[in-house]
Amino acid sequence: MPELPEVEVTRRTIADALRGAAVRVARLGKPLRWPLGCAPQTLAGRVIGEVSRRGKYLWLPLGPRSGHAPEDAGGLLIHLGMSGSLSLNPTSASGACASGPSASGPSAAGPHDHFEMDTSSGTLRLRDPRRFGAVVWSASPDSPPASTLLQRLGPEPFDPALTPQTFHAALHRRRGAIKTVILGGTAMVGAGNIYACEALFRAGIDPRTRSDRISRPRAERLLAALRETLAQAISLGGSTLRDFRDAHGMDGAYQAHAGVYGREGEPCPGCGQKVRRIVQAQRATYFCPRCQKR
DNA sequence: CGGGACGCCTGTGAGC
DNA sequence: TGCTCACAGGCGTCCC
């Protein structure tokens with residue numbers, strides 16, 4: 001599911017509320033992709049810092065427990081996998097859940113909620129039916145296990161250090177299809193299947209084009225298209241194809257603006273030609289055979 | 001090392 | 001209506 005825009009939308013909808021909040025209790029559901037790496041009760045009493053994002057990962061810093069040294073601090077590296085979403089429900093006024101016929105409201109834990117953390121600002125909950133997501137304790141983003149996962153990531157899309165020159169050079173090092181290279185995240189992180197398809201459409205580039213054959217001007221256009229696509233998706237709250245909601249439960253709206261993704265056989269919004277669907281590296285690719293050139 | 005296939009899980013929709 | 005099958009937004013690992 002969640003590609004960079006959905007993760008960023010999630011970050012933005014939880015960061016303000018969680019900043020400075022204290023963890024009361026953490027609970028685990030079924031196993032996620034990787035084990036938490038610590039006992040959930042060791043999260044209690046910690047104060048949450050500034051939630052940040054790297055690629056499609058969130059980093060939720062947690063201060064030391066009271067009475068412990070500063071080195072006791074750490075944080076949670078969170079990945080939403082294919083079907084994950086985070087929700088943050090305000091703490092109920094009464095505090096305790098009254099049992100009764102109408103006790104289970106919309107904020108009750110469901111069968112797909114596999115990580116929960118009660119905080120002074122509400123309950124943070126990871127809902128992930130497919131359980132490809134993960135919540136992993138790490139002493140810092142720069143130490144294992146977080147660093148192991150983060151170190152292989154390419155540059156952030158909105159990093160000014162990512163220039164047309166460096167992007168073109170990164171593309172020039174790969175010989176696979178440009179769509180596959182974008183998905184791989186070595187040249188730039190953040191675009192998954194939807195936004196890779198959409199950015200290539202926007203840039204007028206055939207997804208089957210070999211990465212090392214992309215000219216400098218086309219690399220520049222592709223970089224701009226990726227940035228525009230991701231920025232537009234963030235401003236629209238991401239894409240909700242099935243599972244994704246922001247932390248307040250709101251659907252994304254980008255999917256209605258998609259030009260080709262999921263539109264096999266429909267007319268291209270640019271030229272009217274039928275959108276094609278092919279498979280590249282086990283993933284569906286949608287493109288316009290007329291507007292997108294090799 | 002680059003590139004491709006596989007697997008992790010569950011839910012959903014299409015087709016029979 | 002009910003069953004089976006293919007497929008789904010990610011990504012680490014294994015193999016050539």
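Naming: A, B, ... by sequence-line order, numbering from 1 per chain.
With salt bridges taken as basic N to acidic carboxylate O contacts below 4.0 Å, none links A/Glu3 and A/Lys56. Ion pairing between a basic and an acidic side chain is recognised when a charged N comes within 4.0 Å of a carboxylate O; A/Glu198 and A/Arg202 show no such pairing. A salt bridge links A/Asp72 with A/Arg65; the closest basic N to acidic carboxylate O contact falls under 4.0 Å. A salt bridge is absent between A/Asp212 and A/Arg174; no separation between the charged side-chain nitrogens and carboxylate oxygens falls under 4.0 Å. With respect to A/Asp118 and A/Arg27, a salt bridge is recorded, a charged nitrogen being found less than 4.0 Å from a carboxylate O.
Environment of CZ in A/Arg213: sparse, with no more than 12 heavy atoms of neighbouring residues, nucleotides or ligands closer than 6.0 Å.
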note = Protein heavy-atom contacts under 4.0 Å, written 5' to 3' over nucleotides 6-16 of chain B as B (base), S (sugar-phosphate only) or - (none), form the string -BBBBSS----
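Between A/Ile182 atom CD1 and C/dG9 atom P the separation is 15 Å, expressed in whole Å. Put simply, CD on A/Gln280 is 14 Å from P on B/dG3, counting in whole angstrom units. Atom CG of A/Leu241 and atom P of C/dC7 are 17 Å apart (whole Å). Nucleotide C/dG12 holds its P atom 8 Å from the CG atom of A/Leu153, rounded to whole Å. The CG-P distance, from A/Leu183 to B/dA5, rounds to 14 Å in whole Å. With rounding to whole Å, A/Asp243 atom CG is found 13 Å from C/dG10 atom P. The CD-P distance, from A/Glu8 to C/dG9, rounds to 22 Å in whole Å. Following rounding to the nearest Å, A/Tyr195 (OH) and C/dG9 (P) show an atom-to-atom distance of 12 Å.
Dashed line: the shortest gap from a side-chain N or O of A/Tyr57 to OP1 or OP2 of C/dG12 is under 4.0 Å. At least one side-chain nitrogen or oxygen of A/Tyr261 sits closer than 4.0 Å to the OP1 or OP2 atom of C/dG9. Contact annotation: A/Arg283 reaches the phosphate of C/dG10 (side-chain N/O to OP1 or OP2, under 4.0 Å). Phosphate contact (OP1/OP2 of C/dG10, side-chain N/O of A/Arg152, threshold under 4.0 Å): absent.
Counting any heavy atom pair closer than 4.0 Å across all strands shown, A/Arg173 reaches no nucleic acid atom.
Among the nucleotides B/dG3, C/dG12, C/dC7, the one closest to any side-chain atom of A/Arg175 is B/dG3.
Nucleotides B/dT12 and C/dC11 are separated by 23 Å at their P atoms, to the nearest Å. One C1' atom belongs to B/dG11, the other to C/dG12, and the distance between them is 23 Å to the nearest Å.
With both pairing distances under 3.5 Å, B/dG7 is matched to C/dC11 as a Watson-Crick or G-U wobble pair.
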key: A/Arg276 vs A/Glu264, salt bridge (Lys or Arg N to Asp or Glu O under 4.0 Å): CA-CA, chis, key distance, verdict   = CA-CA 5 Å; A/Arg276 277 193 65 193; A/Glu264 182 184 17; over 6 Å; no
